[in-house]
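Everything below concerns the one structure shown next.
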Amino acid sequence: MAESKSILDEFKTNQEVKEIDTSVKLKVGIIGCGWIAKAHMKEYLKMPDVEVVAFADLIPGKAEAFAQKYGIDGRCYPSHADMLDNEELDAVSICTYNCTHAECTIYALNKGVNVLLEKPMCVTTEEAIEIRKAEKASGKVLSIGFQPRFNANMKMIKKICESGTLGRIYYIQTGGGRRRGIPTPYGTTFIEKETGGIGAMGDIGCYSLDLVLNAIGYPKPLTVTGYVSDFFGKNPEYWRSEGKPESYAELFGVDDFAAGFIRLEGGIMLDFRISWAMHLNTTGDTIIMGTKGSLRIPSSGSWNGTISAPLKVYHEIAGKGVVTEIPLLEENKESNFYYKIRSFLDAIKEGEKAPISSDEILYNQAIIDGIVKSAALGHEIEIELPENA
């Protein structure tokens with residue numbers, strides 16, 4: 001009992017709260033005024049050192065309606081380029097659909113503007129590499145929008161892996177999914193190839209990948225065998241049962257299920273699967289296996305920053321197999337989204353590195369894109385990344 005208690009004591013954590021310097025105010029613009037932009041705006045309004053001064057959206061009137069909703073007399077533009085060409089901004093939040101992430105981010109960085117880019121980073125590995133080039137050339141802060149990183153229980157997972165309690169990690173199973181959950185909250189941009197580019201992998205799969213890869217230090221992916229399917233999204237009966245137009249089946253052009261078997265540096269094997277829709281309620285718990293112990297993380301529909309049951313460490317004490325349950329930690333006072341934005345702003349003001357760096361998320365994107373490419377070819381492929389990427 002004493003030894004188990006000492007293990008628990010190792011894993012105490014708290015969210016650091018910094019005092020905000022209001023003597024310097026940052027001028028921020030929002031690119032893309034859809035539903036995820038609302039989450040950004042909600043948190044920006046809490047920041048005493050921020051002025052949101054400009055909005056851009058391709059749909060006529062959408063930026064204006066967004067600004068009006070929040071009572072902001074900001075300037076509105078029909079495109080990211082128009083806004084960035086005519087405003088002196090310190091930072092932008094990019095909240096557009098996946099296929100324009102790279103274009104908007106590169107343009108902003110080339111204009112010398114710091115960027116908070118919503119996940120997924122982009123659609124392809126090639127786009128991610130071009131984003132990295134623009135970031136390096138600009139010297140600006142580029143942070144990718146993975147708010148689960150700031151959740152106390154998610155931090156605990158990383159702390160357990162780094163503590164040495166598990167020994168040498170050699171196998172990981174991760175993923176998640178929804179029995180019925182293809183997202184069409186305000187239309188079809190998530191499910192069309194021309195706008196979404198990737199489906200379940202980009203929406204929720206990138207979260208589960210980041211969960212485990214961040215926990216073990218983001219080793220480089222080497223090879224991937226991938227599989228994707230769209231059996232539910234292409235089925236008119238699915239949409240009819242959801243109360244949506246059957247025509248969505250014709251528009252559906254992304255994955256609603258994907259799986260991959262990925263070899264990582266250090267001899268680690270990653271078994272990944274993710275789903276928007278399936279005849280199961282879960283693809284299984286996340287498991288991180290090591291030579292001294294293994295960690296079980298309860299399954300989640302999205303890995304959006306919360307877990308509903310305690311973590312469990314399976315290990316040995318005095319030659320006997322035991323299970324140490326890590327009690328759930330209290331949620332932070334503010335939302336994970338708040339800390340995502342706050343950490344980005346602090347990095348700009350204090351000259352720090354990006355809190356969620358593109359060099360890590362490049363690997364995340366390379367795995368997703370590798371699954372797509374491997375599935376199309378029908379065999380394992382090598383993940384090729386430039387040495388300086």
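Owing to the predicted nature of the structure, the values given are computational and were not obtained by experimental measurement.
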Strictly below 4.0 Å, N to O, side chains only: are [X] and [Y] in salt-bridge contact?
X	Y	value
K373	E126	yes
K111	D85	yes
K119	D210	no
D359	K136	no
E162	K158	yes
D90	K27	no
D49	R342	yes
K220	E265	no

Between [X] and [Y], is there a donor-acceptor pair closer than 3.5 Å when you use the side chain of the first and the backbone of the second?
X	Y	result
Q365	V123	yes
S374	I371	no
K25	P48	yes
T105	H101	yes
D255	A258	no

Quick one: [atom1] on [X] to [atom2] on [Y], what's the gap to the nearest 0.5 Å?
X	Y	atom1	atom2	value
K38	C95	NZ	SG	12.0 Å
M289	L166	CE	CG	11.0 Å
S208	R273	OG	CZ	10.0 Å
T96	I36	OG1	CD1	11.5 Å
T100	E194	OG1	CD	13.0 Å

**Asked** What's the verdict on side-chain hydrogen bond (donor to acceptor under 3.5 Å, both in side chains) for N214 and E360, showing C-alpha distance, side-chain angles and the deciding distance?
**Response** CA-CA 8 Å; N214 179 54; E360 293 178 341; over 6 Å; no

When clusters are formed by joining ILVMFWY residues with side-chain heavy atoms under 4.5 Å apart, either directly or through shared neighbours, do [X] and [Y] land in the same one?
X	Y	answer
Y186	I94	yes
L26	F337	yes
V28	L45	yes
I160	I287	no

**Message:** Is there a side-chain hydrogen bond (donor to acceptor under 3.5 Å, both in side chains) between T286 and T174? Walk through the geometry before answering.
**Reply:** CA-CA 4 Å; T286 287; T174 195; 2.9 Å; yes

**Message:** Over 60° means perpendicular and under 30° means parallel, so tell me whether H80 and Y107 are parallel, tilted or perpendicular.
**Reply:** perpendicular

When you check the side-chain N and O atoms of [X] and [Y], is any donor under 3.5 Å from an acceptor?
X	Y	value
T324	Y314	no
S241	R180	yes
S79	D82	yes
Y171	D271	yes
E382	T223	no
N364	Y207	no
E43	S335	yes
S358	R132	yes
T282	S299	yes

Can you tell me if [atom1] on [X] sees more than 12 non-hydrogen neighbours from other groups inside 6.0 Å?
X	atom1	value
H279	NE2	no
E250	CD	no
K292	NZ	no
K312	NZ	no

**Message:** Let's go through S93 and Y44 carefully: what are the C-alpha distance in whole Å and the side-chain angles of both, what is the deciding distance for side-chain hydrogen bond (donor to acceptor under 3.5 Å, both in side chains) to 0.1 Å, and is it a yes or a no?
**Reply:** CA-CA 10 Å; S93 276; Y44 277 129; 2.8 Å; yes

Side chains of [X] and [Y] in contact at under 4.5 Å (non-hydrogen atoms):
X	Y	answer
R178	I204	yes
F257	F232	no
L345	I341	yes
E325	L311	no

**Request:** List the atom of S343, the atom of F150, and the distance in Å for their closest heavy-atom pair.
**Result:** OG-CZ, 3.3 Å

**Request:** Given ring-ring contact (aromatic ring centres under 6.0 Å, His included), test H40 with Y338 step by step and report yes or no.
**Result:** CA-CA 8 Å; H40 283 249; Y338 172 91; over 10 Å; no

**Item:** Aromatic ring proximity Y248/F252, centre distance under 6.0 Å
**Value:** no

**Message:** So if I apply the salt bridge (charged side-chain N to carboxylate O under 4.0 Å, His left out) rule between R75 and each of E64, E87, E51, which one comes out positive?
**Reply:** E87

**Identified side-chain contact (heavy atoms from CB on, under 4.5 Å) partner of V92 from the options L117, V113, L116** = V113

